[in-house]
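We name chains A, B, ... by the order of the sequence lines, and we start the count at 1 in each one. On a predicted model such as this, the values are computed, not experimentally measured, just so you know. Basis for what follows: all heavy atoms, side chains included, without hydrogens, waters or symmetry-related copies.
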Protein chains: 2
Amino acid sequence: MDKQSEQFITNTHENIDEETLFVVSLTFKALGDPTRIRILHLLFNKEHSVNEIAEKLQLKQSTVSHQLRFLKNLRLVKYRRAGTTLYYTHDDEHVIGLLKQTIEHAMHS
Amino acid sequence: MDKQSEQFITNTHENIDEETLFVVSLTFKALGDPTRIRILHLLFNKEHSVNEIAEKLQLKQSTVSHQLRFLKNLRLVKYRRAGTTLYYTHDDEHVIGLLKQTIEHAMHS
DNA sequence: TGTGTATATTAGCATATATTCATATTTTAT
DNA sequence: ATAAAATATGAATATATGCTAATATACACA
């Protein structure tokens, strides 16, 4: 067995494949910013428009819009339109679960 | 009831306190980098020295040392000394759990 | 004490990221 | 068609982040 194959096999359980690594790090990166955490937290229980989010969290409309685009690209949020208003909700139960878990853990420690 | 108190109360369940927000975002930030994920993943099952990590993951010793310091500051890893060699292990079951969950989820989707 | 080995630290650089301002786009209602 | 309201976008800026080379430190042992 040549060295490369050997290394491949011996590392099978220690290496993550590139694609998984990419997805996992992106997921955590999305949750690694206070503004995005606050937005997602606000969307825990009910939908909010962009302006509602901006007002409740004291952020610029532009900031909220940028972060929502980020979250939407990762399919972590979705929206429904009502006239000119867009109501955003979360769209990834797994990620919301991670966030809830971690908030719980941080609060009780 | 004055406006400030009113706002405080109505926002009680929508706002995260500053300290929790800080801890949560730091935790996710730690997991939001491919290199740190690979290191933690390598430490899932057994301890590794700095050089072992560097060799297995094809990273510079300096890079590994820097990331280990980062992880140690957050108490995500610890080490034992054996002569001049430091063997690192993970040191936060909750965070390792988050990582395992997310890797599992990413692989089966 | 001197030498080799393992790890840590410092400084510099390049890239990534978050926010803001200004402006554009989209939709609705008149 | 035009105006108003809500949201999105682009560009600029400031800061954060990760990597690297070079060097320093810590430990073991002759």
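At a threshold of 4.5 Å between non-hydrogen side-chain atoms, the residues B/L99 and B/V95 do not count as touching.
Counting to the nearest Å, the C1' atom of C/dT9 and the CG atom of B/L68 are 14 Å from each other. One interatomic measurement links the two molecules: CD of A/Q58 to P of C/dA18, which rounds to 21 Å at whole-angstrom precision. As rounded to whole Å, 17 Å separates atom P of C/dT5 from atom CG of B/L86. Computed from coordinates, the B/L26 CG to D/dA16 C1' distance equals 13 Å when rounded to whole Å. Counting to the nearest Å, the P atom of D/dT7 and the NE2 atom of A/H48 are 12 Å from each other. A straight line from CG of B/D33 to P of C/dT17 spans 10 Å, rounded to a whole angstrom. Between the P atom of C/dA18 and the CD1 atom of A/I39 lies a distance of 11 Å, rounded to the nearest Å. Atom pair A/I53:CD1 and D/dA6:P shows a separation of 14 Å (rounding to whole Å applied).
Within 4.0 Å of B/Y88, counting heavy atoms only, lie sugar-phosphate atoms of the nucleic acid but no base atom. Residue B/S65 is classed as a base contact, given a heavy-atom separation below 4.0 Å to a base.
Among pairs with a residue in residues 77-86 of chain A, those fulfilling side-chain hydrogen bond (donor to acceptor under 3.5 Å, both in side chains) read A/E47-A/R80, at least two apart in sequence or across chains.
When all heavy atoms of B/R75 and B/D92 are compared, the pair lying nearest together is O-CB, 3.9 Å. Minimum heavy-atom separation, A/H41 to A/I103: CD2-CD1, 3.8 Å.
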- Message: Could you walk me through whether B/D91 and B/L76 satisfy the side chain to side chain contact (heavy atoms under 4.5 Å, CB included) test, starting with their C-alpha distance in whole Å, then the side-chain angles of each, then the deciding distance to 0.1 Å, before giving a yes or no?
- Response: CA-CA 5 Å; B/D91 193 31; B/L76 266 38; over 6 Å; no
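At the phosphate of C/dT17, neither OP1 nor OP2 sits under 4.0 Å from any side-chain N or O atom of A/Q67. Between B/T63 and D/dT20 there is a side-chain N or O to OP1 or OP2 distance below 4.0 Å. The side chain of A/N51 contributes no N or O atom lying less than 4.0 Å from OP1 or OP2 of D/dA5. B/K29 has a side-chain polar atom (N or O) that falls below the 4.0 Å cut-off from OP1 or OP2 of D/dT17.
DNA chain C lies under 4.0 Å from no heavy atom of any residue of residues 69-79 of chain A.
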- Assign a letter to each nucleotide of nucleotides 21-30 of chain D from its 5' end: B, base within under 4.0 Å of a protein heavy atom; S, sugar-phosphate only; -, no contact. B-----BS--
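Applying the side chain to side chain donor-acceptor pair (under 3.5 Å) criterion to B/Q61, with sequence neighbours excluded, gives no partner residue. Evaluation of the side chain to side chain donor-acceptor pair (under 3.5 Å) rule for A/H66 yields no partner, not counting sequence neighbours.
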Let me check something: any side-chain donor-acceptor pairs from residues 17-28 of chain B under 3.5 Å, sequence neighbours excluded? List them with distances.
residue, atom, partner, partner atom, Å
B/D17, OD1, B/T20, OG1, 2.6
B/D17, OD2, B/E19, N, 3.3
B/D17, OD2, B/T20, N, 3.2
B/D17, OD2, B/T20, OG1, 3.3
B/S25, OG, B/L21, O, 3.1
B/S25, OG, B/F22, O, 3.1
B/T27, OG1, B/V23, O, 2.8

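Using modelled atom types, no side-chain atom of A/E104 and backbone atom of A/Q101 make a donor-acceptor pair closer than 3.5 Å.
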